[in-house]
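Worksheet: one structure, shown below.
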Amino acid sequence: MVPRPAQRTHGPDWQRCQKLLERGTTARRQIARSRVARRPAGGNGMSDTPARVAVIGLGSMGYGMAQALRRAGLDVAGSDVDPASVARFSAEGGRGAASPAEAVAQAAIVVCVVVNAAQTEAVLFGPDGVAAAMPEGAVFVSCATMDPEIARRLAARLEATGRHYLDAPISGGAQRAAQGELTILASGSRDAFARAKPALDAMAAKLYELGDAAGQGAAFKMINQLLAGVHIAAASEAMAFAARQGLDLRRVYEVITASAGNSWMFENRMPHVLDGDYAPRSAVDIFVKDLGIVQDMARSQKFPVPVAAAALQMFLMAAGAGMGRDDDASVARIYAQVTGTALPGGAG
């Protein structure tokens, strides 16, 4: 038997105190966001004009981030390759734009929420790119996960035009994006941070300032993705192995989440396996991309990453089996398929 951890209990006075503290924290956050939603007018005064922000990419993350920016009182324009996403954003009170260049035309802050480095480069410097359309002195906040060297190259190219670049990959998922409670791992010049501050304050519960040049934020994000991918693969392997032993998987989940073998990814992803629900919250293809970047970085530095390499192979197997756009917990289905093991929902 695995002992259950002791549950700490407190009296009613302590609980009332905690509720008051939580309310105070919420109120302070709302006050802070209302303050940063206004653009400085110069000196110590404040302008009544909301800062103008453009969000490029209204997918599950970008749409939520755009919502959080609007709730903070910012003037937000949105652009996406899917006209339906733009129409929805307009219907909910945002400003829809027909192109990225149109969205950024008067924006002090441009938040780019696309999938990868190639898309980020196309947004900046491709046909109808925003680099030339952004006002001089505006800041480009790049949220895609990418190789740090590419982040440095894009930053240098944009900064040569008189605009600023903030390397700011994100973590937290679509729900936290919509709540304005992302974790942002950012690096860039002091000016880039200062100019992006109204948007950063609206989008992030935790902002890590990780250096004064682009690339550091991207490097931190790749360490996070290495761990996240390995933990998902390990959790999937363990759950499928438990199924092979004929164990009650819900009891397995209960026991492991109260034991030393638990991880954030096990606790977050394995309910998808228990429910047989592989609708994508975070897709398999994301980790094919991100662990592929880890491999490229490690190879260029002659640094071995065998555990990450093994995890990448499991994500590649899932993608090759047609699960690339399914939830990343689908790695468990691959283990089930190759071993003839049954999982909830008929997977395996």
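Please read all numbers here as calculations on a predicted model, not as lab measurements.
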To the closest 0.5 Å, what do you measure between [atom1] ([X]) and [atom2] ([Y])?
X    : Y    : atom1 : atom2 : value
D191 : R163 : CG    : CZ    : 15.0 Å
I109 : K197 : CD1   : NZ    : 10.5 Å
E159 : R157 : CD    : CZ    : 13.5 Å
L210 : K221 : CG    : NZ    : 12.5 Å
S171 : L182 : OG    : CG    : 8.0 Å
M239 : L343 : CE    : CG    : 9.0 Å

Side-chain heavy atoms under 4.5 angstrom apart, residues restricted to Ile, Leu, Val, Met, Phe, Trp, Tyr: same cluster for [X] and [Y]?
X    : Y    : value
I286 : V81  : no
V139 : L207 : yes
W264 : L274 : no
M61  : V86  : yes
L166 : L69  : yes

Can you sort out the partners of Y335 under ring pair (Phe, Tyr, Trp, His ring centres under 6.0 Å), two or more places apart, ordered by chain and number?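 For Y335, no residue satisfies ring pair (Phe, Tyr, Trp, His ring centres under 6.0 Å) once neighbours in sequence are set aside.
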State which residues pass ring pair (Phe, Tyr, Trp, His ring centres under 6.0 Å) with F266; sequence neighbours excluded, sorted by chain then number.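 If we apply the ring pair (Phe, Tyr, Trp, His ring centres under 6.0 Å) test to F266, skipping adjacent residues, the hits are Y253.
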Which atom pair, heavy atoms only, marks the closest approach of [X] to [Y]?
X    : Y    : value
A214 : A155 : CB-CB, 3.5 Å
A332 : V273 : CB-CG2, 3.9 Å
P100 : D128 : CD-OD2, 3.9 Å
P280 : D326 : CB-C, 4.1 Å
A329 : S236 : O-OG, 3.9 Å
A240 : A336 : CB-N, 4.5 Å

Using side chain to side chain donor-acceptor pair (under 3.5 Å) as the criterion, list what pairs up with [X], not counting sequence neighbours.
X    : answer
S263 : none
D285 : none
D277 : R281
S90  : none

By salt bridge (charged side-chain N to carboxylate O under 4.0 Å, His left out) - contacts of [X] (at least two apart):
X    : value
R152 : E149
D275 : R250
R325 : none

R195 side chain vs G137 backbone, donor-acceptor pair below 3.5 Å: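 Answer holds: yes.
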Does the R153 side chain pair with the main chain of A151, one donor and one acceptor, at a distance under 3.5 Å?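 The answer is no, because no donor-acceptor pair under 3.5 Å joins these two groups.
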Would you give me the side-chain donor-acceptor pairs under 3.5 Å for residues 301-321, sequence neighbours excluded?
none

Donor-acceptor pair between [X] and [Y] side chains, under 3.5 angstrom:
X    : Y    : answer
S330 : R333 : yes
N262 : T257 : no
D167 : S142 : no

When you check the gap from the basic side-chain N to the acidic O, do R88 and E92 get nearer than 4.0 Å?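 Yes, charged N to carboxylate O under 4.0 Å.
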With the threshold set at 4.0 Å, does a side-chain nitrogen-carboxylate oxygen contact exist between R190 and D212?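 No, this pair does not count.
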Mind running salt bridge (charged side-chain N to carboxylate O under 4.0 Å, His left out) on E181 and K206 for me, showing each step along the way? CA-CA 7 Å; E181 296 182 350; K206 292 183 180 178; over 6 Å; no
Applying the side chain to side chain contact (heavy atoms under 4.5 Å, CB included) test to Q225, which of I293, V230, D290 qualifies?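 The side chain to side chain contact (heavy atoms under 4.5 Å, CB included) with Q225 is passed solely by D290 among I293, V230, D290.
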Could you go through I223 and V294, starting from their C-alpha distance and side-chain angles, then the distance that decides it, and tell me whether this counts as side chain to side chain contact (heavy atoms under 4.5 Å, CB included)? CA-CA 8 Å; I223 302 304; V294 169; over 6 Å; no
Other than F125, which residues form its hydrophobic cluster under the rule that side-chain heavy atoms must be closer than 4.5 Å?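 Besides F125, the hydrophobic cluster comprises I56, V104, V110, V114, V123, L124, V130, M134, F140, M146, I150, L154, L158, Y165, listed by chain and residue number.
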Do [X] and [Y] make a side-chain contact, defined as non-hydrogen atoms from C-beta onward lying under 4.5 Å apart?
X    : Y    : answer
R70  : R95  : no
K289 : T145 : yes
I170 : V113 : yes
C112 : V141 : no
F193 : E209 : yes
P148 : Q216 : no
P344 : L249 : yes
S79  : L58  : no

Tell me, with the steps shown, if S282 and R269 meet side chain to side chain contact (heavy atoms under 4.5 Å, CB included). CA-CA 10 Å; S282 174; R269 297 303 204 267; 3.6 Å; yes
Which pairs pass ring-ring contact (aromatic ring centres under 6.0 Å, His included) with one or both residues in residues 195-229, sequence neighbours excluded?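 Non-adjacent pairs meeting ring-ring contact (aromatic ring centres under 6.0 Å, His included): zero.
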Begin with the C-alpha distance, continue with both residues' side-chain angles, and end with the deciding distance and a verdict on side chain to side chain contact (heavy atoms under 4.5 Å, CB included) for V111 and M203. CA-CA 10 Å; V111 180; M203 297 185 298; 4.1 Å; yes
When you look at V331 and F287, which way does the side chain to side chain contact (heavy atoms under 4.5 Å, CB included) test go after all the steps? CA-CA 11 Å; V331 171; F287 281 97; over 6 Å; no
